[in-house]
Amino acid sequence: MSDQLRVSDQHLETVVRRARRTDLEGLVACSSALFAEDAGTRDPSIHVGWPREFGPERFAAAMDDPGRLLLVAARGEQVAGHLMGTLAEGTAMRPVKVATLVSMYVQPPHRRDGLGARLVAQFSAWAKEAGAALAEVTAYSGNAEAIRFYERNVSRASR
């Protein structure tokens, strides 16, 4: 045992990539933290247990749906963050394809490392490649920090 080397977590690169089935547990943990930190403090109508009850099924379905994007920021086997986006075809009222950034979360120890910006940049690239004429994001009006983040990063990524 003493001859074996241990790889330090500090040397692991954080990779932003499409989610895999092996990421489901980490996705549920991230989504649960997002619900507790954001919706759970701002919207009393939200069922904060939803990610644990329904998240695995929804995330698995998203992985197989070309109209949805599910990204993880992975540090080794650990999910440090996630992003979910959707595509909607044009309608009579809005006759353009729209990409919506539905949810995003970065675990607190990994914040301020640029992971959120990397997730948004990959979402924007996906939206452009899919032919979306418009990219939008949802956020609670009381979440000023998230709104500032999206103002900085969504406009930068869409250039």
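For this chain, numbers begin at 1 and follow the sequence in order.
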message: If you count every heavy atom of other residues, nucleotides or ligands that lies below 6.0 Å from E53 atom CD, does the total exceed 12?
response: yes
query: Taking atom CD of E37 as the centre, does the number of heavy atoms from other residues, nucleotides or ligands within less than 6.0 Å exceed 12?
result: yes
Pairwise distance [atom1]([X]) to [atom2]([Y]) - rounded to 0.5 angstrom:
| X | Y | atom1 | atom2 | value |
| --- | --- | --- | --- | --- |
| I147 | S141 | CD1 | OG | 6.5 Å |
| S31 | H82 | OG | NE2 | 5.0 Å |
| S32 | R52 | OG | CZ | 3.5 Å |
| Q122 | L69 | CD | CG | 8.0 Å |

So, for [X] and [Y], which heavy atoms are closest and what is the spacing to 0.1 Å?
| X | Y | value |
| --- | --- | --- |
| A60 | R21 | O-NH1, 3.2 Å |
| V16 | L119 | CG1-CD2, 3.7 Å |
| A127 | A99 | CB-CB, 3.4 Å |
| V48 | G40 | CG1-CA, 3.6 Å |
| L87 | P66 | CD1-O, 4.4 Å |

query: How about T14 and R75: does a side-chain donor come under 3.5 Å of a side-chain acceptor?
result: yes
- request: With sequence neighbours excluded, tell me which residues meet side-chain hydrogen bond (donor to acceptor under 3.5 Å, both in side chains) with R148.
  value: none
message: S45: which residues meet the side-chain hydrogen bond (donor to acceptor under 3.5 Å, both in side chains) condition with it, sequence neighbours left out?
response: D43
Could you work out, with salt bridge (charged side-chain N to carboxylate O under 4.0 Å, His left out) as the rule, every residue matching [X], not counting sequence neighbours?
| X | result |
| --- | --- |
| E89 | K97 |
| R58 | none |
| E145 | R112 |
| R94 | E136 |

Remaining members of the apolar cluster that contains [X], side-chain heavy atoms under 4.5 Å:
| X | result |
| --- | --- |
| M63 | L24, L27, V28, F59, L70, V72, V79, M84, V102 |
| Y105 | L34 |
| L134 | V96, V98 |

message: List the residues meeting ring-ring contact (aromatic ring centres under 6.0 Å, His included) with F35, not counting sequence neighbours, and say none if there are none.
response: W50
- prompt: For A39, which residues count as a side chain to side chain contact (heavy atoms under 4.5 Å, CB included) partner, sequence neighbours excluded?
  reply: I46, Y140
message: List the residues meeting side chain to side chain contact (heavy atoms under 4.5 Å, CB included) with T41, not counting sequence neighbours, and say none if there are none.
response: none
Flag side-chain contact, heavy atom, 4.5 Å: [X] against [Y]:
| X | Y | result |
| --- | --- | --- |
| T86 | D65 | no |
| H110 | Q78 | yes |
| R42 | N143 | yes |
| T138 | L101 | no |
| M104 | V120 | yes |

task: Evaluate the salt bridge (Lys or Arg N to Asp or Glu O under 4.0 Å) criterion for residues D23 and R18: first the C-alpha distance (whole Å), next the side-chain angles of each, then the deciding distance (0.1 Å), finally the verdict.
output: CA-CA 10 Å; D23 298 319; R18 284 189 177 263; over 6 Å; no
- prompt: V137 and F123: side chain to side chain contact (heavy atoms under 4.5 Å, CB included), yes or no, with the steps?
  reply: CA-CA 11 Å; V137 61; F123 164 77; over 6 Å; no
